[in-house]
Structures are given as C-alpha cells and as structure tokens.
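To start, the structure itself, in structure tokens.
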Amino acid sequence: MLDPRILSERRDEIAESCRVRGVEVDVDEVIGLYEAVAARQTELNEANRRRNEHQKAGKKPLDPEQREAHTAEGRALKEAVSRIEADLQGTRARFDTGLATLPNFVHPDVPEGGEEDFRELRREGEPRQFGFEARDHLELGRIGELLDFEAGAKVAGTKFYYLKNGAVLLELALQRYALDVLLEDGFTPYVTPDLARPEIVDGLGYNPRGEETQIYSLANADLCLVGTAEITLGGLYADSILDEAELPLKLAGISHCFRTEAGAAGRESKGLYRVHQFTKVEMFTITRPEESDAMHDHLLGLEEKIFRGLELPYRVIDIASGDLGAPAYRKYDIEAWMPGRGEGGSYGEISSTSNCTDYQARRLKVRFRRSGSKKNELVHMLNGTAVANSRAILALLENHQREDGSIAIPKALQPYVGREVIGAGEA
RNA sequence: GGAGAGGUGGCCGAGUGGUCGAAGGCAGCGGUCUUGAAAACCGCCAGGGCGCAAGCCCUCGAGGGUUCGAAUCCCUCCCUCUCCGCCA
C-alpha cells in the first residue's frame, strides 16, 4: 500500500499513476477519508487523555461520596471513548478499502499503455529453423511419454498434468540448475510452505478472496495455497526491523505454485503454458531504497544467465504501465521462443521480475535501521522467477526437439538430468 | 486430537489490579580511560500516530469482556514448548 501521509502531497502523481495503469480510483475521495480518519483519531486521543487524567485522580484515597462521583464520571468518560472508537473504526475500514485500491507509483521509464505496449529491450538467440515438421510440446509429451494431461484431468481436473519419465528428471534438474546459479550469486536457499495465511497473502498484494482471485483457499482451514514463493518469502520478514548491514537479503525459494486461473481459459494457453499447479524457483530480495533499481537489473541478469544456459532464444521486455500489477513499480518479462505457440511459433512469457519498492514492505512492516540512525525506514522488495518449471519444460521440449520426437538436453543441464536425451525412444 | 506450561522491547528476561511503556542483562550508539584496541566505568537506547515544539495518544500474541482503573482477572482465537495418542 501507499503511505497514507503522502496522499495529498503527491496527489497528482498518484492520479497519474492510476491513469497510466488504467485503474479507476477517486484519489480525492481516499484523501478525504484519510482526513476523516485523522480527525476522529485526534478526537479519540483527546477523549483518552481526559480518561487517563481521571484515572490518575482515582488512585488516591477518596471518601465514599467522592468515590461514587468519581466512578460515575469514569463510566461517562468510558462511554464517550467507545462512541468515538466505533466511529473511527467505521471510517478507518472505509479508508483502508480505498487505500488498498491505490496502486504503487510507476517508474518514469515504464512505457505507457496496455498489454501490447511493452518496450522490447533486446533479443538473444535466433528461433531455430527445423529441417522437419516441428511438433508442439503436447505431442512431444505424448509420444515421448513425458506428459499426461488426460490423467491429470481424470484425477484432479482440467489444467492438471502428470510428469513422467524424462520429464521428471527434467523437473528436478531445472530446480537444481537454477538454484546453483543463485547460490553462486550468494542467495540463501529455502524450501517454503506451499500454504500461507490469508493475511500474508494479502500483505504481498494478492487478494486471497473475491471473484477474480487467482488464489485457492482451503475449505477446512484458514489457509491459502500459495501462487508463488514470493508470498512465503515475503512473509518471512513481516513485522521485523533489519540491520542495515544485513542488506541486501537475497532469498531463493522453491515451492509449488497454485493458481485458479479464473477466466483465463482459451487461446494461447494450451498445455503446460497455463496450469493450476507448477514448481518454481523464486528469487526474492530485500534492499535499501536506493539500491532497488540496481537490484532489479541484477535479477534480470540472473534470469538471462539461466535461460542462456538452457539455450533458449528469448527477448526481454519492459512491461507497459497498464499491465503492471498493483504492487509493481516496474516489471521486466523474459519471453522465450515457443515454436509450438500460435501459428509458427511466438514468444511467450517464461519469467518475470518486479521491483515493488516499499509497497509490500509497508503493509508487511519490514523496516531497517541505518547504522548510526535511530529512524527506521521501509525496505524495498523485489521478486523474480529463476525458473518456472511448467513453462521452462514447455520451451525446452519445443526448442530442443529432434526429428524422432526425442528431446536433446542442453549441455548446462546434462549433469543435472544425467542424460543427453529424453523422450521418444528413450523412455 | 488429549493433558499441561507459556507468548513482555533488536534479543534474553522480571513483572498477578493503580507507584508500569515496563526492572535487570545482552547487543547497539555516545563518552571517559588508552599510542590503538580490549576491559572497566558513565550516559543514551521499544514500535507506531499527532504536533514547529513542549507534549499528548496507542501498543505487553490477536480480538472481545470485567473494572473508575488491566501486561496483571475472565472468554474466544492464533502460536510455541513438554508429555500422551496417531502418523510418513
């Protein structure tokens, strides 16, 4: 969330951020609500002060008559306090709702526009020219006995799948490969819970409830299935004050990710591209405010290192304002070439990194103290995909397929897979 | 799941109705001493809100309740630990 105190001061900037994001919010209404909350808070403070004074007077011995009068007055003061409290609570609830609708600021270099208005920063690698009829990953998965969507549908429903044989080796290899890149960079590795409390989910800026939610909730416990380890890694430091010397914190989290994908069926999302469950190695970093832009570039660099090692052609795009999530100040996506996507192949998102500045930290209360300073400041939080297995597997199958339907494993991955080829003829 | 014990400041820990936003210790910061450091000694040091400031308000796991007055008593929930049960 934004800092309530800067709402009126930076009103125009916030309104502009909403505009370029295509978010319709009445900023002035939220500001008005904040002022109403502040006014009632002041009122409450005053009422509390009167009550405290009155209580101090009750400590000394009083004769029965005085005591009775004192008690009656105490009751009246108490009632006044609860009346104001109830009023404040109602106003604050409306303010909180309003505040939650305000998205983060937008980095000045972010291109303005919607999903199609991204800026392409660079391309790496050339889409491969196949000397044969290339197959998509569904067919490669079927003939190589690597993927089984029918079994997934039968047991868990549509958009679930089984990995089999070489795909299982690939799944495990990808995790370890990506993790090694991060370890070399000084990340601390974690395997996190796959479930989290709704408050934590909410704190990271994901709405755990409501029609549009991407988040699964359990029926018999107050828990959500996480959509990403960003949630569990972010929650790790909720409510804490860090030493400046500890920063930046670089965390690598392995978790399963669960997504309802409500309303996301259809085009361009066949097979492994859009599924309800996958495994992901996530990068999560906590920095001082002045370091977050540099860290953002650094995370992007790590993602590129990982995908270059997988020998996948890709492009890097700077996501346009209208396509940013509310917490994101800036977001880069890496799109890998997917030969089986669309007509004759297309680029598809395979990883993503966001700088969320202090937007998540404020709600989670993650602060740090500069050495020599008494004042606590909010940290900046960033996240990025090291490897999302479903899409990585998709891209590997389609890009590294051979004429017989088998899959060549890139050199960097071979030590982890323990094979040079998987799929057709290998199983 | 059952029984018991707990949750207090960055950390540890005292505090069972007003003298408590809270002893003491550790860590941290400033100083004395020292060529320098350590040790010793002195001082400062919870978080958040409002305010130019003085100062005021809130917070002792969370939420309710009792009371003129709650860290302290009662209720609900969450969490941790010990024992028992179950289990990979």
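Sequence lines set the chain letters: A, B, ... in the order given, protein chains first and strands last, and positions in each chain run from 1.
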Whole-Å [atom1] distance, [N] and [M]:
{"N": "B:G64", "M": "B:G13", "atom1": "P", "value": "29 Å"}
{"N": "B:G85", "M": "B:C78", "atom1": "C1'", "value": "23 Å"}
{"N": "B:G10", "M": "B:C45", "atom1": "P", "value": "15 Å"}
{"N": "B:U19", "M": "B:G36", "atom1": "C1'", "value": "48 Å"}
{"N": "B:G65", "M": "B:U59", "atom1": "P", "value": "14 Å"}
{"N": "B:G43", "M": "B:G24", "atom1": "P", "value": "11 Å"}
{"N": "B:A38", "M": "B:C29", "atom1": "P", "value": "11 Å"}
{"N": "B:C81", "M": "B:G61", "atom1": "C1'", "value": "15 Å"}

Using purine N1 to pyrimidine N3 plus N6-O4 or O6-N4 for Watson-Crick, or N1-O2 and O6-N3 for G-U wobble, each under 3.5 Å, what pairs with [N]?
{"N": "B:G6", "value": "B:C79"}
{"N": "B:A88", "value": "none"}
{"N": "B:A53", "value": "none"}
{"N": "B:G43", "value": "B:C29"}
{"N": "B:U66", "value": "none"}
{"N": "B:A37", "value": "none"}
{"N": "B:A22", "value": "none"}

[X] has an atom [atom1]; how far is it from atom [atom2] of [N], in whole Å?
{"X": "A:Glu244", "N": "B:G28", "atom1": "CD", "atom2": "P", "result": "16 Å"}
{"X": "A:Asn376", "N": "B:G28", "atom1": "CG", "atom2": "P", "result": "18 Å"}
{"X": "A:Asp222", "N": "B:C78", "atom1": "CG", "atom2": "C1'", "result": "10 Å"}
{"X": "A:Asn52", "N": "B:C68", "atom1": "CG", "atom2": "P", "result": "16 Å"}
{"X": "A:Ile6", "N": "B:G49", "atom1": "CD1", "atom2": "C1'", "result": "16 Å"}
{"X": "A:Leu378", "N": "B:G47", "atom1": "CG", "atom2": "C1'", "result": "13 Å"}
{"X": "A:His70", "N": "B:U67", "atom1": "NE2", "atom2": "P", "result": "15 Å"}
{"X": "A:Arg362", "N": "B:G48", "atom1": "CZ", "atom2": "P", "result": "13 Å"}

Problem - Any residue of residues 71-84 of chain A with a heavy atom less than 4.0 Å from an atom of RNA chain B - result: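 Only A:Thr71, A:Gly74, A:Arg75, A:Lys78 qualify.
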Handout entry: Within residues 28-46 of chain A, residues whose heavy atoms come under 4.0 Å of RNA chain B
Key =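 Within this stretch, A:Tyr34, A:Asn45 sit under 4.0 Å of the strand.
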Please determine, by modelled atom types, if [X] and [Y] share a side-chain donor-acceptor pair under 3.5 angstrom.
{"X": "A:Tyr332", "Y": "A:Glu303", "answer": "no"}
{"X": "A:Thr228", "Y": "A:Lys280", "answer": "yes"}
{"X": "A:Glu171", "Y": "A:Thr279", "answer": "yes"}

Problem - Flag if over 12 foreign heavy atoms under 6.0 Å of CD, A:Glu246 - result: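 Atom CD in A:Glu246 is packed in, count exceeds 12.
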Exercise for the section: Dump the intermediate steps for side chain to side chain contact (heavy atoms under 4.5 Å, CB included) on A:Leu170 and A:Ile409, then the final yes or no. Expected result: CA-CA 9 Å; A:Leu170 197 51; A:Ile409 300 298; 4.1 Å; yes
Thinking salt bridges, do [X] and [Y] make one under a 4.0 Å N-O criterion?
{"X": "A:Arg363", "Y": "A:Asp202", "result": "yes"}
{"X": "A:Lys56", "Y": "A:Glu53", "result": "no"}
{"X": "A:Asp180", "Y": "A:Arg176", "result": "yes"}
{"X": "A:Lys270", "Y": "A:Asp136", "result": "yes"}
{"X": "A:Arg19", "Y": "A:Glu112", "result": "yes"}

Practice task
Map A:Glu53 and A:Arg367 onto RNA chain B by nearest heavy atom, then report which one ends up closer to the 5' terminus.
Solution key: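 Nearer the 5' end of the strand: A:Arg367.
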Exercise for the section: Using the side chain to side chain donor-acceptor pair (under 3.5 Å) rule, pick out the option among A:Thr357, A:Thr353, A:Asn104, A:Asp318 that qualifies with A:Arg330. Expected result: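 Of all the options given, the one that passes is A:Asp318.
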Practice task
Answer yes or no for A:Arg259 and A:Tyr216: cation-pi contact, defined as NZ/CZ to six-membered ring centre under 6.0 Å and angle to ring axis within 45°.
Solution key: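 No, a cation-pi geometry is absent between A:Arg259 and A:Tyr216.
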From the options [options], select the nucleotide whose nearest atom is closest to the side chain of [X].
{"X": "A:Arg49", "options": "B:C57, B:G69, B:G49", "value": "B:C57"}
{"X": "A:Asn48", "options": "B:C79, B:C58, B:G47", "value": "B:C58"}
{"X": "A:Arg51", "options": "B:C79, B:C68, B:G69", "value": "B:G69"}

Exercise for the section: Compare side-chain N and O positions of A:Arg67 against OP1 and OP2 of B:C68 and report whether any pair is under 4.0 Å apart. Expected result: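 The answer is no; no side-chain N or O of A:Arg67 sits under 4.0 Å from OP1 or OP2.
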Using the 3.5 Å cut-off, write out each protein N or O paired with an N or O of nucleotides 60-65 of chain B and the distance between them.
none

Handout entry: Reported NE2-to-OG1 distance for the pair A:His256 and A:Thr192, which is rounded to 0.5 angstrom
Key =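 Answer for the NE2-OG1 pair, A:His256 versus A:Thr192, is 10.0 Å.
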Exercise for the section: Pick base, sugar-phosphate or nothing for A:Arg50, based on heavy-atom distances below 4.0 Å to the nucleic acid. Expected result: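 A:Arg50: no heavy atom of the nucleic acid under 4.0 Å.
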Problem - Test side chain to side chain contact (heavy atoms under 4.5 Å, CB included) applied to A:Tyr177 and A:Leu310, step by step - result: CA-CA 10 Å; A:Tyr177 160 71; A:Leu310 296 179; 3.6 Å; yes
